[in-house]
Amino acid sequence: MTLEELNEILSIDENSRIERTVSTGNMDKFQEAICAFANDLPGKRQKGYLLIGVNDDGGISGLKVDDALMKKISGIRSDGNILPIPVMNTEKVVTPDGDVLVVEVTPSFDTPVRYKGRIFIRIGPRRDIATPQEERILSERCAASLPTFDTYPCRNATLDDIDVDVITNEYMPKAVAPDVLSSDNRPLTEQLASLHLWNLQWNCPTFAALIMFGKNPKYFMPGAYIQYVHFKGETNGGAILNERRFEGPLYKVIPLLDNFIRDGIVTNRPISISVLSEKQVTNYPFKALHELMMNACMHRDYQSNMPTRLYQYDRHIEIMNPGGLYGQARPENFPHVNDYRNNVVAEIMRTFRHVNMFNHGITEVQDALRENENPPAEFNVNLVTAFSAVLKDDAKTYEESIEDVNLNITYTQLKPHLSHDDKLLLDSILDSTLSIAEIKLKPLLKPLYGDKSNTLIKVKVIYPMIKLGLVAQTHPETPRHPRQKYYLTDLGKALQKYLKEKQ
């Protein structure tokens, strides 16, 4: 935004599109304003502007906008308090009298938009909570635009096809503020319509209602289920070791799926690291699998007959859901830009806390895999009709993991007894069998022992290593043998390799 464009906006009196403030800490006020602009009750489809650093009379207050304030305001979009997610842009404009932080909000097609369960609107220069009639206007406007499949009416479904008790007793109290809910005396269908779960024009549930709360979603959407198959080997040509289907509304399926992942896929292998403690070696972190499956449920194409696939192999897992990248998301900007094929489903999953933050999932997956020492997840974003993610088991076998832990135990036990020179010796001997004269000329040891006597090296370095079981003699029965040489034992070689990897 140029200074001229800002001055033009500043010249306009506060109205349904403009709100000015000098406050920088009232996050509730900012988010209520953004929610109201997104609802666009007048229906003019004109962008709204929250101007931070501007007095009521339009004068610049002299604010200095720093990075912390920019990040705090920009974070409003994805913190999950305003649902559906608003389309907004945050920009700092520098003027001679101070900075202005401009928050530009695009009117939403997916109304009503709520902030913490309340619907805020602009009535001229005033911000307020919508009345039931105003809420109905926003709901009907959304139904007319039908922006995403999950808001479409399922015209051959009825109220009996959705679990109304779960919606009213579990979902509504989480989605709508308690005082608003207690004073809402509208018919049930109008309440459902305000949550995008009912279409008033056709008097039927939306697909979002069936996906999340339907008694038999698969009847209306044949591909609306999750198929799990465990194959022997690394291809789906191997023998099938286990197979399951997860069918039903997502509010029931997701807890079952989470329990199955914990108990049936994720394996925790306890390995003793001392008499009193153990280390858990996990094949896949639960958090990564959970996040990817939530993304699959949230972003999949429910018009497709293909199920969401969770395929497990000996050393990797593949998750595939129908529907490639959607909307603004493209192969070149994934995962930094995302879009929502099913806005209402995403909103409900956020309300039930199945997902915590929007646009953070892939980052959290990769972080969880890295912490668990798995390779990073691989994503195929070039498929037009599907999206796939591949997770690989930890790179080492179970036996290798045990060996690493045992070596760690050995190193922990030996560390107090290993001098700096001992570690240099481990690096120097390598796989060779060397005499004292050859050892002392090794590049790492020559500066320390090149001019020392052989006896000193034996006493200070070699014999302690023999005692620890890391070095052995070619003639152990004759310690003073004239052709005596020294080499690393199997333990010494393993510890040498371990220390190099650790370093």
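For the side chain to side chain donor-acceptor pair (under 3.5 Å) test with H316, the passing option among E234, K392, E378 is E234; the others fail. Here the options are Y228, Y225, F260, the test is ring-ring contact (aromatic ring centres under 6.0 Å, His included), and the partner is F246; only F260 passes.
Between F149 and F207, the gap from one ring centroid to the other is short of 6.0 Å. The six-membered or imidazole ring of Y171 lies away from that of Y251, with a centre-to-centre distance of 6.0 Å or more.
Using a cut-off of 4.0 Å between Lys/Arg side-chain N and Asp/Glu carboxylate O, R114 and E347 are scored as not salt-bridged. Salt bridge E32/R127: present, at least one basic N to carboxylate O contact under 4.0 Å. A salt bridge links R136 to E190: at least one charged side-chain nitrogen sits closer than 4.0 Å to a carboxylate oxygen. Electrostatic pairing of K215 and D160 does not count as a salt bridge here, judged by no charged N lying under 4.0 Å from a carboxylate O.
Distance OG1/T95 to CD1/I60: 4.5 Å, rounded to 0.5 Å. The NZ atom of K218 sits 5.0 Å away from the CD atom of E247 when rounded to the nearest 0.5 Å. Distance check, rounded to the nearest 0.5 Å: CD1 of I85 to CG of L83 gives 7.0 Å. To the nearest 0.5 Å, atom CE of residue M221 and atom CG of residue D150 are 10.0 Å apart. In this structure, I317 CD1 and Q312 CD are separated by 4.5 Å, a value rounded to the nearest 0.5 Å. How far CD of Q366 is from CG of L391: 8.0 Å, rounded to the nearest 0.5 Å.
Looking only at side-chain heavy atoms (C-beta outward), R262 and V266 stay at 4.5 Å or farther from each other. Contact check for I119 versus I129: no side-chain heavy atoms found under the 4.5 Å cut-off. Residues V229 and N242 have side chains not in contact (no heavy-atom distance under 4.5 Å, counting atoms from C-beta outward). Side-chain contact between I348 and F213: present, with at least one pair of heavy atoms (C-beta onward) separated by less than 4.5 Å. At least one side-chain heavy atom of P322 sits less than 4.5 Å from a side-chain heavy atom of T308. In this structure, the side chains of Q191 and D184 come closer than 4.5 Å at one or more pairs of heavy atoms. The closest side-chain heavy-atom distance from L257 to H290 is not below 4.5 Å. Residues L101 and L69 form a side-chain contact, since some pair of their non-hydrogen atoms from C-beta on lies under 4.5 Å apart.
Remark: E8 CD is loosely packed, at most 12 non-hydrogen atoms of other residues, nucleotides or ligands lying under 6.0 Å away. Counting non-hydrogen atoms of neighbouring residues, nucleotides and ligands closer than 6.0 angstrom, the NZ atom of K252 reaches no more than 12 such neighbours.
Side chains of K29 and S23: no donor on one and acceptor on the other come within 3.5 Å. At a cut-off of 3.5 Å, with distance as the only test, no side-chain donor of N199 or Y152 sits close to an acceptor on the other residue.
Across I82 and C35, no two heavy atoms sit closer than the pair CD1-N, 4.3 Å. The heavy-atom pair separating V65 from L63 by the smallest distance is CG2-CD2, 3.8 Å. Listed here is the closest heavy atom pair of S194 and R186: OG-NH2, 3.7 Å.
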* Might you work through the side chain to side chain contact (heavy atoms under 4.5 Å, CB included) test for R309 and N321, ending with a clear yes or no? => CA-CA 6 Å; R309 296 175 180 174; N321 58 277; over 6 Å; no
* To do: Could you please spell out the steps behind the salt bridge (Lys or Arg N to Asp or Glu O under 4.0 Å) verdict for D367 and K287?
  => CA-CA 10 Å; D367 288 346; K287 185 176 182 180; over 6 Å; no
* To do: Show your working on side chain to side chain contact (heavy atoms under 4.5 Å, CB included) between F37 and R122 and close with a plain yes or no.
  => CA-CA 7 Å; F37 288 139; R122 295 283 294 187; 4.0 Å; yes
* For Y219 and D161, run side-chain hydrogen bond (donor to acceptor under 3.5 Å, both in side chains): C-alpha distance rounded to whole Å, both residues' side-chain angles, the deciding distance at 0.1 Å, then the answer. => CA-CA 10 Å; Y219 177 82; D161 291 309; over 6 Å; no
* Asked: Passes side chain to side chain contact (heavy atoms under 4.5 Å, CB included), Y302 versus N342? Steps please.
  -> CA-CA 9 Å; Y302 282 95; N342 306 297; 3.9 Å; yes
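E371 is linked by a side chain to side chain donor-acceptor pair (under 3.5 Å) to nothing, counting only residues two or more places apart in sequence or in another chain. With sequence neighbours left out, the side chain to side chain donor-acceptor pair (under 3.5 Å) criterion links R244 to no other residue.
The stretch residues 46-70 participates, sequence neighbours left out, in these salt bridge (charged side-chain N to carboxylate O under 4.0 Å, His left out) pairs: K47-E104.
Between F231 and Y311, the ring-plane angle classifies as perpendicular under the 30° and 60° cut-offs.
In this structure, R118 fails the cation-pi test against F120, since its NZ or CZ atom is not both closer than 6.0 Å to the six-membered ring centre and inside 45 degrees of the ring normal. For the pair R45 and F109, the cation sits on the ring face: its NZ or CZ lies under 6.0 Å from the ring centre, inside 45° of the axis.
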